[in-house]
Amino acid sequence: YTTCIRCKHDKSKPDPELDRRMKASGLTERQSKQTFANYKHEGMPAEIVSAKAHAILSAKNHSSLILAGKSGTGKTHLAIAIAIDTMKNGRSALFRSVPEMLDELRQAAQEHNDFYGKMRRLKDVSCLVLDDLGKERTTEAGMDYLYQIIDYRYQHGMQTIVTTNALNM
């Protein structure tokens, strides 16, 4: 072949749809640079290398994954890399810190401020990343919201990525 066939992900061409998905994802500018390529695992224990392999497989297969381990091992980085990969492949992703998400849902329910719209978005997004499960203040309402989201996604076979430091859950 004498010509180069460019894919829609060519970095030299702006992709307004990817930009839109990235802005809607809840990722900060710093987080939006946390990819598989810059996840440092050299010299790390085998569990960390294995976690990266599982994360790459989860991104490829659109499968759910729980990343559990000590603080500072890169669980959130890998979860974000899955979300970014998802968005680069034309699907939507949403990154949410579980404590912040539950606070927002509680406030929306109390103020009658689009609670059902917020729940629908969490249930319907292609890839939902729930960061820091187990750090939230446990209330009956919060646990109910979390159960509804996770159960709905599980029942519909939707990709959910969870990070947690709570190794005894």
Side-chain angles (χ1 to χ4, degrees), residues 1 3-104 118 120-136 146 149-150 152-154 156-167 169:
Y1 297 98
T3 59
C4 176
I5 301 170
R6 292 186 171 197
C7 72
K8 66 180 179 179
H9 303 297
D10 185 350
K11 290 183 181 183
S12 66
K13 291 192 312 186
D15 183 349
E17 282 302 305
L18 176 59
D19 291 342
R20 183 191 58 74
R21 286 189 295 275
M22 290 292 282
K23 284 181 180 135
S25 70
L27 293 174
T28 65
E29 188 172 332
R30 181 176 128 342
Q31 289 172 323
S32 69
K33 294 172 181 33
Q34 294 179 328
T35 64
F36 290 124
N38 61 26
Y39 178 78
K40 304 295 183 216
H41 65 276
E42 292 79 20
M44 297 296 266
E47 298 86 30
I48 304 297
V49 177
S50 176
K52 182 177 181 181
H54 285 301
I56 291 169
L57 191 59
S58 173
K60 180 181 178 186
N61 296 336
H62 314 296
S63 59
S64 294
L65 182 65
I66 297 173
L67 296 163
K70 295 177 186 173
S71 182
T73 54
K75 299 177 299 296
T76 299
H77 186 126
L78 288 174
I80 290 169
I82 293 169
I84 291 170
D85 193 71
T86 296
M87 291 183 284
K88 285 181 177 178
N89 286 300
R91 298 170 59 237
S92 61
L94 183 60
F95 176 88
R96 300 300 296 137
S97 159
V98 173
E100 290 175 10
M101 176 189 77
L102 292 178
D103 284 347
E104 289 170 11
K118 292 177 189 305
R120 179 64 32 217
R121 183 165 182 233
L122 292 163
K123 289 179 178 181
D124 288 342
V125 68
S126 297
C127 174
L128 176 63
V129 176
L130 297 173
D131 191 42
D132 282 334
L133 180 67
K135 285 199 172 184
E136 66 278 357
L146 195 54
I149 293 163
I150 292 173
Y152 178 90
R153 297 183 64 78
Y154 172 75
H156 291 86
M158 300 175 80
Q159 185 180 33
T160 307
I161 309 301
V162 176
T163 71
T164 184
N165 294 339
L167 301 175
M169 286 182 69

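- Within the model, atoms OG1 of T73 and NZ of K70 stand 9.0 Å from one another, a figure rounded to the nearest 0.5 Å.
- The shortest side-chain heavy-atom distance between Q34 and Y39 does not fall under the 4.5 Å cut-off.
- Rounding to the nearest 0.5 Å places CG of L94 at 12.5 Å from CD1 of I161.
- The list of salt bridge (charged side-chain N to carboxylate O under 4.0 Å, His left out) pairs with a residue in residues 120-131, not counting sequence neighbours, reads R120-D124.
- Counting heavy atoms from C-beta outward, I150 and L130 have side chains that approach closer than 4.5 Å.
- Rounding to the nearest 0.5 Å gives a distance of 12.5 Å between NZ of K23 and CE of M87.
- In this structure, a donor-acceptor pair under 3.5 Å is absent between the side chains of R21 and S92.
- Remark: I66 CD1 is loosely packed, at most 12 non-hydrogen atoms of other residues, nucleotides or ligands lying under 6.0 Å away.
- With values rounded to the nearest 0.5 angstrom, S71 atom OG is found 5.5 Å from K135 atom NZ.
- Summarising the geometry, atom OG1 belonging to T164 is positioned 8.0 Å from atom NZ belonging to K75; distances are rounded to the nearest 0.5 Å.
- The distance from the CZ atom of R96 to the CG atom of L128 is 9.0 Å, given to the nearest 0.5 Å.
- Using a 4.5 Å cut-off on side-chain heavy atoms (C-beta onward), S58 and Q159 make contact.
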